[in-house]
Amino acid sequence: MRLLRLIPIVGVLVACERPIDVRGLYVNDDGSGALVPCDQPKTLLTVTDSGLATRYRREATRPPEPLFVHLRGVRADSGSIYGGKHYLAVRQILEVRARGAGECPNVANSASWVLH
């Protein structure tokens with residue numbers, strides 16, 4: 001019975017989370033999406049959004065090609081303070097396209113171990 005009371009409270013807390021804008025490089029390998037934010041090149045966000053995966057498949061000329069994305073969503077972390085997974089729950093897809101010259105310059109070297 002306590003669990004049933006907890007579910008609406010958790011739902012309200014998640015709904016009240018303030019969305020953030022994230023720009024970065026995104027790849028999707030058969031349904032599993034990964035995003036490295038331009039301003040946090042050592043952070044890997046897991047993104048499970050079917051709409052974004054569909055747009056990625058349409059835009060990527062040779063998957064798993066990293067594409068530049070601009071997303072609005074809510075960040076969530078799981079695990080302990082010493083480690084765990086980082087997630088982005090996408091609320092709005094603002095842009096999906098090929099990476100332009102000079103975009104995400106800090107991700108260029110560090111993304112290869114994550115994005116390929």
Side-chain angles (χ1 to χ4, degrees):
M1 198 58 144
R2 287 183 185 168
L3 180 61
L4 292 176
R5 289 186 205 156
L6 185 61
I7 291 172
I9 293 170
V10 171
V12 168
L13 291 175
V14 170
C16 293
E17 285 287 329
R18 187 174 196 173
I20 58 170
D21 277 17
V22 179
R23 289 174 179 81
L25 297 181
Y26 172 82
V27 296
N28 190 298
D29 187 24
D30 208 19
S32 177
L35 170 67
V36 176
C38 292
D39 60 348
Q40 297 175 323
K42 294 185 179 184
T43 300
L44 175 66
L45 299 174
T46 300
V47 181
T48 55
D49 184 83
S50 61
L52 182 58
T54 300
R55 286 192 55 185
Y56 175 82
R57 284 190 298 275
R58 249 191 342 241
E59 296 288 328
T61 56
R62 39 183 211 288
E65 169 190 15
L67 294 181
F68 178 84
V69 296
H70 180 191
L71 307 171
R72 185 166 293 136
V74 176
R75 186 171 167 170
D77 299 319
S78 69
S80 72
I81 61 171
Y82 303 107
K85 291 189 103 175
H86 307 287
Y87 297 92
L88 181 71
V90 176
R91 294 217 176 138
Q92 187 176 10
I93 302 167
L94 302 170
E95 189 173 17
V96 177
R97 61 176 170 75
R99 181 181 185 180
E103 286 182 318
C104 290
N106 295 329
V107 179
N109 296 326
S110 63
S112 61
W113 60 270
V114 172
L115 300 175
H116 291 287

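Side chains are part of it too, since the values below use all heavy atoms of this structure and drop only hydrogens, waters and symmetry mates.
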How close do [X] and [Y] get, counting heavy atoms only, and between which atoms?
X      : Y      : result
Asp77  : Arg75  : OD1-NE, 3.5 Å
Pro105 : Gly102 : CD-O, 3.4 Å
Pro37  : Thr43  : CD-O, 3.4 Å
Gly24  : Cys104 : CA-SG, 4.0 Å
Pro66  : Leu25  : CB-CB, 4.2 Å
Val107 : Arg99  : C-NH2, 4.5 Å

Kindly write out the residues that satisfy side-chain contact (heavy atoms from CB on, under 4.5 Å) with Thr48, not counting sequence neighbours, or none if the list is empty.
->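 Residues passing side-chain contact (heavy atoms from CB on, under 4.5 Å) with Thr48: Thr46.
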For Arg97, side-chain contact (heavy atoms from CB on, under 4.5 Å) partners two or more places apart =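 Arg97 satisfies side-chain contact (heavy atoms from CB on, under 4.5 Å) with Phe68, Glu95, Glu103 once adjacent residues are dropped.
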To the nearest 0.5 Å, how far apart are [atom1] in [X] and [atom2] in [Y]?
X     : Y     : atom1 : atom2 : answer
Glu65 : Glu59 : CD    : CD    : 9.5 Å
Asp49 : Arg55 : CG    : CZ    : 10.5 Å
Leu94 : Arg23 : CG    : CZ    : 8.0 Å

Heavy-atom side-chain contact between [X] and [Y] under 4.5 Å:
X     : Y     : answer
Leu44 : Leu35 : no
Leu71 : Ile93 : yes
Val27 : Tyr56 : yes

Quick one: do Ile20 and Val47 end up in the same hydrophobic cluster if we chain Ile, Leu, Val, Met, Phe, Trp and Tyr together by side-chain heavy atoms under 4.5 Å apart?
->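 Yes.
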Of all residues at least two apart in sequence or in a different chain, which pass the side-chain hydrogen bond (donor to acceptor under 3.5 Å, both in side chains) check with Arg57?
->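 In terms of side-chain hydrogen bond (donor to acceptor under 3.5 Å, both in side chains), with neighbours along the sequence ignored, Arg57 is linked to Thr54.
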